[in-house]
Amino acid sequence: MKNILILGGGFAGVEAAIFLKKENYKVTLVSDREFFYIFPTSIWVPTRETEFEKLCVDLKELQEAHGFELIVDGVTNISAKKGEVTLASGKILNEYDELIVAMGASKMKHKGIENTLSICGVPEHSLLIREQVDKIVAMGKGKICFGFGGNPKDSSAVRGGPGFELLFNVHNLLKKKGIRDNYELTFFAPMPEPGKRMGPQALKMMAKVFNMLDIKAHFGKKIKSFEKDGIIFEDDSKLESDFTMFIPAGDGHEVIKNSDLPLNDAGFVKVDDFCNVDVEEKDREHNIYAIGDTAALEGYEWRAKQGHIAEVMARNVAHNIKEKESGSTSFLGYNEHLNILCVMDSGNGASFVYRDEKRAFMIPMPVVGHWLKKGWGVYARYSKLGKIPRIPGM
Ligand SMILES: Cc1cc2nc3c(=O)[nH]c(=O)nc-3n(C[C@H](O)[C@H](O)[C@H](O)COP(=O)(O)OP(=O)(O)OC[C@H]3O[C@@H](n4cnc5c(N)ncnc54)[C@H](O)[C@@H]3O)c2cc1C
């Protein structure tokens with residue numbers, strides 16, 4: 001029986017572990033976190049619509065449900081050539097047949113970033129954002145700026161959706177408290193048309209929503225630095241802010257950048273359609289795969305690193321390992337599944353956003369959209385724990 005080592009316990013790593021166990025492989029998952037985190041629903045932590053703990057699924061529970069081995073430790077080095085993975089504890093893992101790298105991404109580093117918080121950073125930051133939201137609500141008035149940045153070396157690493165969602169939720173919170181008029185809410189981004197990847201209709205709709213909710217847009221100016229009380233742009237102009245939530249674009253994971261894996265310019269691992277890492281056989285001990293945010297996505301200009309793509313890659317790799325072992329070449333690729341799919345929450349409803357190579361649309365779903373997304377969060381937890389059946393493809 002093949003021995004498979006998975007690095008990372010996020011959407012990609014956990015899905016790979018679940019599907020490889022279904023094929024009866026011996027699977028070991030290494031994670032530097034004790035829990036799997038349901039990132040998409042973390043937008044509700046700052047406004048107290050949900051509790052942080054509800055988004056954490058204990059990896060031990062997942063281990064018990066599916067029967068994989070679990071090591072909670074940080075990966076500090078990966079050597080394809082030696083066929084070794086080194087952990088923070090000093091342990092060296094080398095007794096595996098196939099390696100799956102699923103460690104997510106690091107973030108771009110901006111000057112003064114410590115003056116901001118990101119909803120896409122480490123999970124616990126959602127609680128720090130909550131503290132800041134509480135503080136600014138207690139002030140009774142103020143200026144709140146939310147934004148996201150790009151990575152010029154890899155356009156797929158941009159993550160803006162959660163920024164829009166959180167801002168709409170904060171807007172609704174202030175409205176419920178009857179104090180919205182005392183606040184200036186601004187969304188900022190260095191690109192002239194943030195959200196463009198969702199398609200032209202979505203872009204128009206977002207502009208309308210901003211107008212309706214009295215959210216100012218500050219687009220198209222490069223960010224120079226962040227200060228305690230605002231954002232400085234390339235022309236030295238300043239956007240004043242009492243609280244800045246900023247999502248830096250993804251960048252290659254630091255450990256991976258220091259490994260001997262082949263990388264694109266941004267530091268993401270180069271893979272083919274089947275998620276095989278592009279290393280010649282003479283330069284590696286084992287087959288290596290990279291999946292999820294760690295992998296360099298190829299294809300459409302609008303492609304984006306998303307959780308459902310991470311899971312498609314994971315299921316494909318589980319299938320492909322089995323196929324390879326049985327001598328078949330019916331491998332599955334991720335490219336034909338590239339799409340943007342998200343239920344963008346607004347606190348009192350949501351919009352269904354979809355884009356693939358043929359279509360791009362955004363459908364408003366007042367009230368019901370919000371509850372659909374909430375329902376998905378519950379589904380994600382219990383279906384991964386095997387307590388409710390999986391809906392195919394989800
Ligand atoms: C707020 C938010 C909202 C989102 N909304 C959506 C959405 O609506 N739809 C959608 O499809 N996608 C959404 N995404 C994107 C989605 O969550 C990511 O694409 C997905 O998490 C990627 O999964 P991953 O497993 O590749 O990486 P991650 O989820 O980042 O997991 C990486 C794992 O590796 C572990 N790790 C990292 N470094 C090490 C190390 N050195 N040693 C050991 N372990 C390590 C981490 O602890 C983590 O468990 C959202 C993301 C955020 C942050």
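Counting starts at 1 for both ligands and their atoms, in listed order. Residue numbers count from 1 along this sequence.
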Show me which atoms of ligand 1 lie under 4.0 Å from any heavy atom of [X].
X: Ala102; answer: 32 (C), 33 (C), 34 (O)
X: Lys305; answer: 19 (O)
X: Gly292; answer: 26 (O)
X: Ser42; answer: 1 (C)

Tell me, please, which residues at least two apart from Pro162 pass side-chain contact (heavy atoms from CB on, under 4.5 Å).
Ile43, Ile119, Cys120, Arg159, Glu165, Ile247

In this structure, is the centre-to-centre distance between the rings of Phe188 and Phe246 below 6.0 Å?
yes

Among protein heavy atoms, which lies nearest [atom], and at what distance?
atom: atom 17 (O) of ligand 1; value: Phe39 CB, 3.6 Å
atom: atom 37 (C) of ligand 1; value: Met103 O, 3.3 Å
atom: atom 9 (N) of ligand 1; value: Gln306 NE2, 3.6 Å
atom: atom 46 (C) of ligand 1; value: Asp32 OD1, 3.4 Å

Residue pairs involving residues 306-321 (criterion side-chain hydrogen bond (donor to acceptor under 3.5 Å, both in side chains); sequence neighbours excluded)
Glu15-Arg315, His308-Asn339, Glu311-Lys384

Taking heavy atoms and a distance under 4.0 Å, where does Ala105 meet ligand 1: side chain, backbone, both or neither?
neither

Out of curiosity, is [X] lining ligand 1, as in a heavy atom under 4.0 Å away?
X: Arg159; answer: yes
X: Ile247; answer: no
X: His253; answer: yes
X: Gly74; answer: yes

Does the plane of the ring in Phe168 sit parallel, tilted or perpendicular to the ring in Phe164? Use 30° and 60° as the thresholds.
parallel

Closer than 4.0 angstrom, basic N to acidic O: yes or no for Asp283 and Lys81?
yes

Is any side-chain N of the basic residue among Asp236 and Lys224 closer than 4.0 Å to the acidic one's carboxylate O?
yes

Identity of the nearest option to atom 18 (C) of ligand 1, non-hydrogen atoms only, from Asp293, Val343, Ile119:
Asp293

